[in-house]
K.L.:
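Take a look at the following structure, please.
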Amino acid sequence: MRRVWYPAALAGLLAVSLVSAEAAYTPKHEAGRCAIRGNCGKQSFFGSELPCPDNELAKDPTKEVRDQLVGICGAKWNTGPVCCEAEQLTALSDNLKKANAFISSCPACKENFYNLFCTFTCSPDQSLFINVTRTEPKNDKLMVTELDQLISDEYGSGFYDSCKDVKFGATNGNAMSFIGGGAKTYPEFLKFLGDKKPFGSPFQINFPDPKEYTEPDIDPLPMAPKKCNDEDESFRCACLDCPAVCPTLPAVSETSSCHVGVLPCLSFGAILVYGIILGLLATAIVGHIAVAKVRKAKSERLRLIQDTTMSDDEDEGEMIHNNAMYDRPQKNYWINTVCDSAFSRLGFTAARFPGITIGICVALVGILSVGWVRFSIETNPARLWVSPTSAAAKEKLFFDENFGPFYRTEQVFLVNDTVTKGGISPVMSYDTLIWWKGVEERVAGLKGNKTGTSFDDVCLKPIGDDCVVQSVTAYFDSSPKDLSPSSWQKHIRECVETNVNCLPKFGQPVDPKLVIGGNDNSTDPTHASAIVTTWVVNNGAEDSSFVKNASDWEQALKLTLLEVQAEANSRGLRLSFNTEISLEEELNKSTNTDAKIVVISYIIMFFYASLALGSTTLSLRSVLRNPATFLVESKFSLGVVGILIVLMSISASIGLFSFAGVKVTLIIAEVIPFIVLAVGVDNIFLIVHEFERVNISHPDDVVEHRIAKALGRMGPSILLSAITETVAFALGAFVGMPAVRNFAIYAAGAVFINALLQVTMFVSVLSLNQRRAEDQRVDCFPCIQLKSAGIQLGVSSGNGYSSPYEGQEEGTLQTFIRKHYAPALLGRQMKVAVVVVFLGIFTAAVSLIPEVALGLDQRVAIPDGSYLIPYFNDLYNYFESGPPVYFVTREVNATQRVHQQQLCARFTTCEQESLTNILEQERKRPDTSYIASTAASWVDDYLRWLDPDLEECCVEKEKNDKGRFEEHTCFADRVPAWNITLSGMPEGEEFIYYLKKWVEAPTGESCPLGGKASYGNALIIDDKKNTIPASHFRSSHTPLRSQEDFIKAYASARRISSDLTEKTGIEVFPYSIFYIYFDQYAGIVKLTATLLGSALAIIFAISSILLGSVFTGAVVTITVVMIVVDIIGFMAVFGVSLNAVSLVNLIICVGIGVEFCAHIARAFMFPSRAVMERAKNKFRGRDARAWTALVNVGGSVFSGITITKLLGVFVLAFTRSKIFEIYYFRIWLALVIFAATHALIFLPVALSLVGGEGYVDPESDGGLEEDLASRRYRALLPDVEDSDDEY
């Protein structure tokens, strides 16, 4: 951004202007004879002197002229005649000094440049290689206006090669842009030097091909050019200016590049292991069949010998027809017993004192909710994705504090999308340029609506009073007359070829890559399909008055550009734009875009829960017989209270942690209500359904005892899921990334508080609701009593509760699971198929893990229809420049020579692996480094500014003998003299003294190396400690067109900085405006693995303890692992990248995955005796307990947990927000599908194979735990019609 270019400097480079003479022909071409000499006048008042044609013999100069010539061109001009005079040497000296600022760092280039023009101006053999072809009369003389000069191919190409890589550090560009107009070949270079132009040569110098030149007796002089890697070390250039002398950097090894063929190693390993498992399994099956056949044959022989008949037990191989109860658990598990007792007492107390319990809960929630007064939402992306203690955040803070915040940019793309037979139509035309120039003038005159701030008040002004506006129309600033129907195309072509000839008002050449795009298939820039305009605005500290003023002007700019979009459309063009305030505004807007969708999702789950709770005691038959029963038995009000408890837990969590200073993020606002509602509704169903079971089994007990029994049975199950979910979420609190940490804190708090309220407040409300129902009062209107409802406990009335085994209907789903699903699933062949299929899915998911991309595309994060989406598309498609990158040094004592050598690159004693040299080498491998431009090295430009040959750069005023001040070149008489070995350079206090002068020195035509414009804020000087606390070396990235490019560019900059620190011993870090957003990806894979691994380890420990079995705990944990890994594989297939949002969702997947599995696992470990008694004879041991668990709670998991979440998730499918659709709907849908299938299919099979030994159900004397979470109530009754044939 901070580049400074100077038009007059270019003129100086063209040492052509040093020859001035009159025009005359050159009839004689022989050694010792001149072609031009002296000055014969000007073509205009402001023009330069032109030489006279002179074909006379060369003459010996006077001593003064000789000394002047030797001082300019060197000792080889000590003797012999010459063809130049004093005034020519003065012009030569002035112009070579201007060129010297760009080429002096490379001795070979300087020597060749000086040699060419010294020879041209003063060679005694001019007539041998110069031929005057055109003259013009002036008074009584002739002035030369055109001539031919012959240069050999060897010298021309050597001259160009020695200069083509010379850098001008202040602009991050090549010196060739100044001295050669960006020439790509030596003929272009010479042509640029010879072309007549206002700020170049005052007459035309042609450089014809010597082989095709027809004039007799004229040939190029046999001059040998110096090479940048010349054998003579005095002419050898530094690495920065000569790639041939640079050391080779070690190759960069790509991380995570392990492949076996085309497959990543992880994918190959997963497939290999799965293949081995399949092979072993197939071998085992074949072996088992063979052994079974042998045993069967042996049994047949024994039967014939013993004359016995086959026993029924031998049917189907090893199938045994003994009662499953023979293997039922006999032991009690003390932890479960303690939990059962504790929850029973808690339930009794809450039911006995409902008013007190509810009052205490409401009071505590109210107290915690007081923290809402400190409620604050964090919307700043920089503080969301990066920990304030992370390196990236500290580095950004360091950069802003020392160098100021990065510029604010306002950018527009004007595109022609019209497709014709010839391809894309060009965007530029005369009418379009005139219209666009008017738009830019309108923008320049804009003022903020609130503060009246103008563009001139906030814009960047690098060297004067003109604002930086990078635009194609800026090419016409110095030549407005060329913006005409006949000349605009030619002018743009010339400016793109040589942008230093078309300087805008703000004095910096406009890089064509910054203003023209979509020109890939054409060499003509006027055929481009897009043009770019960028307004550069200064920045200030956050919330400062300057930022508020700038934001106000940007708001006015945004409104204006929205109007201009319509104007562009009317012209058949498309305009896209972005202002500095746009992205944050659109990100915040996305939160409200789908508020209706989210609310509808929650309402559907709310109504489902409220209605389904009432279905536990209501059947269609009972309602038809007595409609009054519905009004009493409905539990809609109970569902409302359950939902209110969910909202109370969220309010309490937000209040508690807001008071503690934890800010709410958009992720929290969008996700936590869904989590707590989904988890909370499940637990409500568990309690209500079990309570209805107890009402039937113990109808004579008082309400308090029935509540106690129900909570005693459900409490341990709720404890298992609540603890695992809370711990899983709480682990995220140890993460530095605020978006993840704050979510984890709020989610863990909300889930934990919700569980507490459910086993206290909800239980109290449940007891009140039961008393209301038994008193035959209407739901929601308890003041109304309906005697006709006929509510009875333990009596089969058809109007309400029915006693056990008196005709209560079994649900269709429950019947299907008991008769068909569970027996089929637990068959031997089906078990093998289930294991093979689920391990296959798991293997595929593991294989896809390397394919999960990183990043969060801005186009996904903003709402559909946002005006920024076309802008980002155009940015990736048309913008040909990358963002700037700064390599920042800290606490470098550059006053010492050793540290100067560690930083510099322009001097012969600079270290080969100095900071600037390494950056230059990295620039030469952009595919790996993502570095596009040469680093601007303040130390090199500062030390070169001290060069006494640049007489107008470092100048001091001193008093002479007469007491008057006169200017004095700083290092003119220094001993030792200034030289490229650094031996004459300042150190210590002197270094700081001149450094302070340099950073205040203006950058101008006479001295383009002045530091004020380019380096005024690039370094901090501590003159008390004589050190440099902070400085930066500016470069730029290659064009970055995807999230992958941004992530790799950031990783590459980190690698380069680490290498610089290691090799130089200087603390270096990289900084670019986008790094703060991509720092999360430097460790997000490791962070994800750590969080998920820790959560799974804790789940294993907790489930093993509460379930009383390491084996069952391991099965549950492995099942959750498979669920999460399958979801990650799903992410790879359906384009869900890994970022902070998806990481939060993966943590959710762990917690919800446990929710699906915990109830079946507990029903397996503590099987209901009543259900288990109904298992048919074919099931024994673990098979019988797995069957019991499925029959007991399988329907609840499907119709309750699964359906509840599916209803909420499916509504999100209608979202218009891409981020909701990709990162919430897709992941949550995958979660429900994979969690449900694993819990209902894989988990029972796995438990039947390797589950732990079970324990006695503490409440197996009648109250059944078997209907653990059913979404509607029905009893599990013995089916007298069942027979073994059904299985």
Side-chain angles (χ1 to χ4, degrees), residues 1-11 101 168-173 177-178 181-182 198-199 404 406-412 433 436-446 453-483 491-492 494-496 498-516 531-539 546 550 553-554 557 579-580 881 884 933 936 1000-1018 1034 1036:
M1 306 294 290
R2 305 170 187 178
R3 299 179 177 176
V4 183
W5 310 70
Y6 299 96
L10 176 61
F168 184 61
T171 63
N172 293 92
S177 297
F178 297 93
F199 296 102
F406 198 75
Y407 300 120
R408 307 168 70 91
T409 56
E410 335 295 335
Q411 194 168 61
V412 169
L433 290 176
W436 188 247
K437 189 173 181 64
V439 170
E440 291 177 353
E441 291 172 354
R442 284 164 57 188
V443 170
L446 283 177
T453 302
S454 67
F455 179 54
D456 190 69
D457 296 330
V458 294
C459 70
L460 172 67
K461 302 173 182 178
I463 57 174
D465 296 328
D466 295 299
C467 299
V468 174
V469 180
Q470 295 174 326
S471 170
V472 71
T473 62
Y475 286 143
F476 298 94
D477 283 357
S478 58
S479 182
K481 67 179 186 302
D482 287 319
L483 184 53
H491 184 74
I492 287 179
E494 292 175 348
C495 292
V496 169
T498 313
N499 59 355
V500 291
N501 287 340
C502 306
L503 291 168
K505 295 176 181 178
F506 58 89
Q508 301 177 3
V510 177
D511 188 342
K513 293 179 180 179
L514 298 177
V515 297
I516 297 175
I531 58 175
V532 189
T533 298
T534 305
W535 292 268
V536 184
V537 176
N538 284 312
N539 209 346
F546 182 88
W553 180 82
E554 288 163 351
L557 174 65
T579 68
E580 189 72 19
S881 182
S933 63
E1000 293 298 326
T1003 309
E1005 174 186 349
S1006 59
C1007 182
L1009 289 175
K1012 184 174 184 179
S1014 298
Y1015 301 104
N1017 61 353
R1034 184 184 67 253
S1036 67

K.L.:
Donor-acceptor check, side chain of Tyr475 to backbone of Val496, threshold 3.5 angstrom: yes or no?
P.N.:
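No, the answer is negative, given that no donor and acceptor are paired below the 3.5 Å cut-off.
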K.L.:
Could you tell me whether the side chain of Gln470 and the main chain of Thr533 form a donor-acceptor pair under 3.5 Å?
P.N.:
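The answer is no, because no donor-acceptor pair under 3.5 Å joins these two groups.
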K.L.:
Out of curiosity, Lys505 NZ to Asp466 CG, how far, rounded to the nearest 0.5 Å?
P.N.:
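Reported to 0.5 Å precision, the distance equals 6.5 Å.
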K.L.:
Hey, could you give me the OG1/CG distance between Thr409 and Asn539, rounded to the nearest 0.5 Å?
P.N.:
10.0 Å
K.L.:
CZ/Arg442 to CH2/Trp436 distance, rounded to the nearest 0.5 angstrom?
P.N.:
9.0 Å
K.L.:
Donor-acceptor check, side chain of Glu410 to backbone of Glu580, threshold 3.5 angstrom: yes or no?
P.N.:
yes
K.L.:
Looking at Asp456, is its backbone amide N or carbonyl O close enough to the side chain of Lys461 to form a donor-acceptor pair, meaning the two atoms are under 3.5 Å apart?
P.N.:
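Confirmed, Lys461 side chain pairs with Asp456 backbone.
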K.L.:
Starting from the C-alpha separation in whole Å, work towards a yes-or-no answer on side-chain contact (heavy atoms from CB on, under 4.5 Å) for Thr534 and Tyr407.
P.N.:
CA-CA 12 Å; Thr534 305; Tyr407 300 120; over 6 Å; no
K.L.:
Tell me the closest heavy-atom pair linking Val469 and Trp535, and the distance in Å.
P.N.:
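Where Val469 meets Trp535 most closely, the heavy atoms are CG2-CD1, 3.6 Å.
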K.L.:
Could you state the interatomic distance from CG (Leu503) to SG (Cys495), rounded to the nearest 0.5 Å?
P.N.:
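So the CG of Leu503 and the SG of Cys495 are separated by 9.0 Å.
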K.L.:
Which atom names give the shortest non-hydrogen contact between Leu483 and Lys437, and what distance separates them?
P.N.:
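Heavy-atom minimum between the residues: CD2-CD, 3.8 Å.
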K.L.:
Of the non-hydrogen atoms in Leu557 and Thr579, which two are nearest, and what is the gap between them?
P.N.:
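Answer, listing the atom of Leu557 first, then Thr579: CD2-CG2, 4.0 Å.
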K.L.:
Decide side-chain contact (heavy atoms from CB on, under 4.5 Å) for Asn538 and Val458; before the verdict, give the C-alpha distance in whole Å, the side-chain angles of both, and the deciding distance to 0.1 Å.
P.N.:
CA-CA 6 Å; Asn538 284 312; Val458 294; 5.8 Å; no
K.L.:
Provide the closest heavy-atom pair for Phe406 versus Pro884 in the form atom of the first, atom of the second, distance.
P.N.:
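Scanning both residues completely, I find the closest heavy atoms to be CZ-CG, 3.2 Å.
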K.L.:
Supply the atom-to-atom distance Ser471 OG to Leu514 CG, rounded to the nearest 0.5 angstrom.
P.N.:
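Ser471 OG to Leu514 CG: 11.5 Å, rounded to 0.5 Å.
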K.L.:
Decide yes or no on side-chain contact (heavy atoms from CB on, under 4.5 Å) for Phe455 and Leu446, but give the supporting numbers first.
P.N.:
CA-CA 7 Å; Phe455 179 54; Leu446 283 177; over 6 Å; no
K.L.:
For the residue pair Arg1034 and Ser1014, what are the closest heavy atoms and their distance?
P.N.:
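Smallest heavy-atom distance, with atoms named: NH1-O, 3.7 Å.
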K.L.:
Which distance, rounded to the nearest 0.5 Å, do you find between the CD of Glu494 and the SG of Cys502?
P.N.:
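Answer for the CD-SG pair, Glu494 versus Cys502, is 7.0 Å.
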K.L.:
Grab the two heavy atoms, one from Phe476 and one from Ile492, that are nearest each other, plus how far apart they are.
P.N.:
CZ-CG1, 3.7 Å
K.L.:
Please check this pair: side chain of Ser933 against backbone of Ser1036, looking for a donor-acceptor N/O pair closer than 3.5 Å.
P.N.:
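Here the side-chain-to-backbone pair exists.
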